[in-house]
Asks: 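My structure is below; once you've seen it, I'll send some questions.
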2 protein chains.
Amino acid sequence: MINLSYTEENYLKSIYHLSKGGKLDVSTNAIADYQKTKAASVTDMMKKLASKNVVDYQKYKGVNLSEKGKKEALVVIRKHRLWEVFLVEKMKFNWDEVHDVAEQLEHIKSPLLIKRLEEFLGYPKYDPHGDPIPDENGAYKAKPQVPINEVEIGQEGIVVAVKDSSSPFLQYLDKIGTYIGAKIKVMDKVNFDGSNEILIDNKRTISISKQVSENILISES
Amino acid sequence: MINLSYTEENYLKSIYHLSKGGKLDVSTNAIADYQKTKAASVTDMMKKLASKNVVDYQKYKGVNLSEKGKKEALVVIRKHRLWEVFLVEKMKFNWDEVHDVAEQLEHIKSPLLIKRLEEFLGYPKYDPHGDPIPDENGAYKAKPQVPINEVEIGQEGIVVAVKDSSSPFLQYLDKIGTYIGAKIKVMDKVNFDGSNEILIDNKRTISISKQVSENILISES
DNA sequence: TACATAATTTAGATTAATCTAAAAATATTT
DNA sequence: AAATATTTTTAGATTAATCTAAATTATGTA
């Protein structure tokens, strides 16, 4: 592992996310928007990262991670997600409180600490949002996403996606207090019409129709 | 609390330590040596910190912490020591492995995290080196330092000081593998001559004379 | 007290990361 | 394919933290 600054690590992480794991090239503007910085700053940084051989960059052609850069990005993501588990499980943080702190903790440099932290947490495979935690080699497996109607009574999980992304549907979800990241527990299933009773964020229990439950994908915990 | 950079926090911490808690004025050179930087850099930073009202500084007259600066320094020290306890107690670090990591962790900004961490660790009063952990208000009490000959059999602690600091004595201590920070367990006391059998760093058991045991101060754990 | 020595500050540069505004390259549209 | 719009890069400045070398102030000693 090379010695990268906090800032450089953040750029690599952004490129990783924007390129969906290194699959597609990322534009200067996309990075600038994502990081809330300016395109000119991104160009400068891409030159620097290219000279360190962590990205492949050609003027005007976009950028992507090199193998080396991908590894570095995955280490940071691994750390971020392990710290999130720590914050929720051990420090009793709520989901919406973890992000800012994990953004800081992910840059702590100590391979030993991460090893021990992982052990301490019982080798978790997913973070509190349902995102997979890469192992030391960067390998991970996405958690299966299942529609609510296929979930057993009593099971819970996090909303990770929707099948129907039409405006009326999204508005309906908003109305019932459901969003990507919401915690859902299936309380009951009505055989008669296939509707479900779900508990949202441990707060409100509501009933949703079969049609709705088929279109909300959750990642079980 | 003001928003201070990582660097500014380190300067405040150094001044706190060098001034023994704000008691005496600190010279530019002392800070430069302590931080392994140059005097000119210190002067620049002192101007900056003075403008933020965290230090009292007058050209050529040395510097000390203002009340505000003292509070900030104590927050950082509190965080450092809590993290050290975490690393040793929960992450199974050895004493000599904690410092560098705690230096990084002490700058994490999250009052909630520190509150929860303290609770999680059971409100420890001292860090693994025997140094006191300030509470939220910055209050702390130094741990009593007792000579080895006054310690009960079976008790253990950390070497925190010596009464005799003559060169021959220090050389003797070095020879038997004892140093500030060493872990000592009193295994036996011989009534006949007042000598003690002590276990050093859980490694070697040796016998020391009454005279020696009177001159080594430990902080019990 | 005056001189030499040591400590401290100033002046001017440097590096990393950022920015704005202008120039250049690429994409899109007619 | 030419004209226009968008994206990206370059040029030049800025800020925080640092440095070296020179100038200034303080201290110690004869």
Side-chain angles (χ1 to χ4, degrees), chain A residues 1-16 18-19 24-65 69 72-73 76 103-104 106-109, chain B residues 1-16 18-19 24-65 69 72-73 76 103-104 106-109:
Chain A
M1 302 286 103
I2 331 154
N3 218 45
L4 297 170
S5 72
Y6 183 111
T7 311
E8 291 168 332
E9 285 187 346
N10 280 337
Y11 273 97
L12 293 183
K13 205 173 44 135
S14 298
I15 297 168
Y16 186 88
L18 290 167
S19 69
L24 38 117
D25 283 0
V26 181
S27 75
T28 304
N29 265 352
I31 297 169
D33 287 355
Y34 194 77
Q35 302 240 23
K36 284 175 187 162
T37 181
K38 294 293 142 68
S41 311
V42 175
T43 301
D44 287 347
M45 185 54 87
M46 291 312 109
K47 286 182 192 165
K48 193 178 173 194
L49 292 176
S51 82
K52 293 193 176 191
N53 298 311
V54 287
V55 302
D56 297 320
Y57 167 69
Q58 279 175 279
K59 270 191 192 181
Y60 298 104
K61 303 276 176 176
V63 71
N64 214 321
L65 298 173
E72 296 285 351
V76 179
E103 285 291 294
Q104 298 176 61
E106 72 187 7
H107 300 292
I108 301 292
K109 288 190 192 340
Chain B
M1 303 284 104
I2 330 155
N3 218 46
L4 297 169
S5 72
Y6 184 109
T7 311
E8 292 168 331
E9 286 187 346
N10 279 337
Y11 272 97
L12 293 184
K13 206 174 42 134
S14 298
I15 298 169
Y16 186 88
L18 290 168
S19 69
L24 39 117
D25 283 0
V26 181
S27 75
T28 305
N29 265 353
I31 297 169
D33 287 355
Y34 194 78
Q35 301 241 25
K36 284 174 186 164
T37 182
K38 295 293 143 72
S41 311
V42 176
T43 301
D44 287 347
M45 185 54 88
M46 290 312 109
K47 287 181 191 166
K48 193 177 170 194
L49 291 176
S51 82
K52 292 191 175 191
N53 298 310
V54 288
V55 301
D56 297 320
Y57 168 68
Q58 278 174 279
K59 271 192 194 183
Y60 298 102
K61 304 275 174 175
V63 70
N64 213 322
L65 298 172
E72 296 285 351
V76 179
E103 283 293 293
Q104 299 177 59
E106 72 188 6
H107 301 292
I108 300 292
K109 287 188 191 346

Asks: Salt-bridge test for A/Lys109 and A/Glu9: reply yes if a basic N is under 4.0 Å from a carboxylate O, no otherwise.
Replies: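 Counted as a salt bridge, because a side-chain N and a carboxylate O are separated by less than 4.0 Å.
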Asks: Taking the side chain as everything from C-beta on, heavy atoms only, tell me whether B/Tyr11 gets closer than 4.5 Å to B/Ser41.
Replies: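 Answer yes - side chains close enough.
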Asks: Could you give the CG-to-P distance, from A/Leu4 to C/dA16, as a whole number of Å?
Replies: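 These atoms are roughly 13 Å apart.
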Asks: Atom OH of B/Tyr57 and atom C1' of C/dA7: how far apart are they, to the nearest Å?
Replies: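 The distance from OH of B/Tyr57 to C1' of C/dA7 comes to 11 Å, rounded to the nearest Å.
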Asks: Distance-only criterion, 3.5 Å: show the donor-acceptor pairs between side-chain atoms of residues 50-57 of chain B and protein atoms not counting sequence neighbours.
Replies:
| from | atom 1 | to | atom 2 | distance (Å) |
| --- | --- | --- | --- | --- |
| B/Ser51 | OG | B/Lys48 | O | 2.7 |
| B/Lys52 | NZ | B/Glu8 | OE1 | 3.3 |
| B/Lys52 | NZ | B/Glu8 | OE2 | 3.0 |

Asks: Give B/Tyr6 one of three labels, base, sugar-phosphate or nothing, depending on what nucleic acid heavy atoms sit under 4.0 Å from its own.
Replies: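 No contact.
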Asks: Test B/Lys13 against B/Glu106 for salt bridge (Lys or Arg N to Asp or Glu O under 4.0 Å), laying out the working first.
Replies: CA-CA 11 Å; B/Lys13 206 174 42 134; B/Glu106 72 188 6; 2.8 Å; yes
Asks: Output the single nucleotide from C/dT18, D/dC19, C/dA7 whose closest atom is nearest the side chain of B/Ser41.
Replies: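 Given the options C/dT18, D/dC19, C/dA7, the side chain of B/Ser41 is closest to D/dC19.
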Asks: Just one of B/Ile31, B/Thr28, B/Leu18 clears the side-chain contact (heavy atoms from CB on, under 4.5 Å) bar with B/Val63, so which one?
Replies: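 In the set B/Ile31, B/Thr28, B/Leu18, the residue that makes a side-chain contact (heavy atoms from CB on, under 4.5 Å) with B/Val63 is B/Ile31.
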Asks: Any sub-3.5 Å donor-acceptor pair from A/Thr43's side-chain atoms to A/Ala39's backbone N or O?
Replies: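 Yes: the side chain of A/Thr43 pairs with the backbone of A/Ala39.
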Asks: Picking from C/dT9, D/dT8, D/dT9, which would you name as closest to the side chain of A/Ser27?
Replies: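 The answer is D/dT8, which lies nearest to the side chain.
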Asks: If I take atom CG in residue A/Asp25 and atom P in nucleotide D/dT7, what distance separates them, rounded to the nearest angstrom?
Replies: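 Nearest whole value for this atom pair: 17 Å.
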Asks: Could you tell me whether the phosphate oxygens of C/dT10, OP1 or OP2, come under 4.0 Å of any side-chain nitrogen or oxygen in B/Thr43?
Replies: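 For C/dT10, OP1/OP2 do not have a side-chain N/O of B/Thr43 under 4.0 Å.
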Asks: Report the nucleotide, chosen from C/dT8, D/dC19, C/dT9, that has the shortest atom-to-atom distance to any side-chain atom of B/Asp44.
Replies: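 It is D/dC19.
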Asks: Within the pair A/Lys47 and D/dT9, is there a side-chain N or O less than 4.0 Å away from OP1 or OP2?
Replies: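 Indeed not, no polar side-chain atom of A/Lys47 lies that close.
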Asks: Expressed as a whole number of angstroms, how long is the span from B/Lys38:NZ to D/dT18:C1'?
Replies: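 Roughly 10 Å, once rounded to whole Å.
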Asks: Using atom types as modelled and distance alone, determine if a side-chain donor or acceptor of B/Glu72 lies under 3.5 Å from a backbone N or O of B/Leu12.
Replies: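 No, B/Glu72 side chain to B/Leu12 backbone: no donor-acceptor pair under 3.5 Å.
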Asks: Between atom CE in B/Met45 and atom P in C/dT8, what is the gap in whole Å?
Replies: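 To the nearest whole Å, that distance equals 18 Å.
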Asks: When you measure from the side chain of A/Asn29, which nucleotide among C/dT20, C/dA11, D/dT8 comes out closest?
Replies: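 Nucleotide nearest to A/Asn29's side chain: D/dT8.
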Asks: B/Thr28 has a side chain; which of C/dT10, C/dT8, D/dA11 sits nearest to it?
Replies: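 In terms of side-chain proximity for B/Thr28, the closest of C/dT10, C/dT8, D/dA11 is C/dT8.
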Asks: Please report, rounded to the nearest Å, how far the P atom of D/dA16 is from the CD atom of B/Glu8.
Replies: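 Rounded to whole Å, this separation is 9 Å.
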Asks: For A/Asp33 and D/dT7, what is the distance between atoms CG and C1' respectively, to the nearest whole Å?
Replies: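 It works out to 12 Å between those atoms.
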Asks: Detail all sub-3.5 Å separations between protein N/O atoms and N/O atoms belonging to nucleotides 22-29 of chain C.
Replies:
| from | atom 1 | to | atom 2 | distance (Å) |
| --- | --- | --- | --- | --- |
| C/dA25 | O4' | A/Tyr60 | OH | 3.4 |

Asks: Distance check needed: D/dA16 P versus B/Tyr11 OH, whole Å only.
Replies: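 The answer, rounded to whole Å, is 15 Å.
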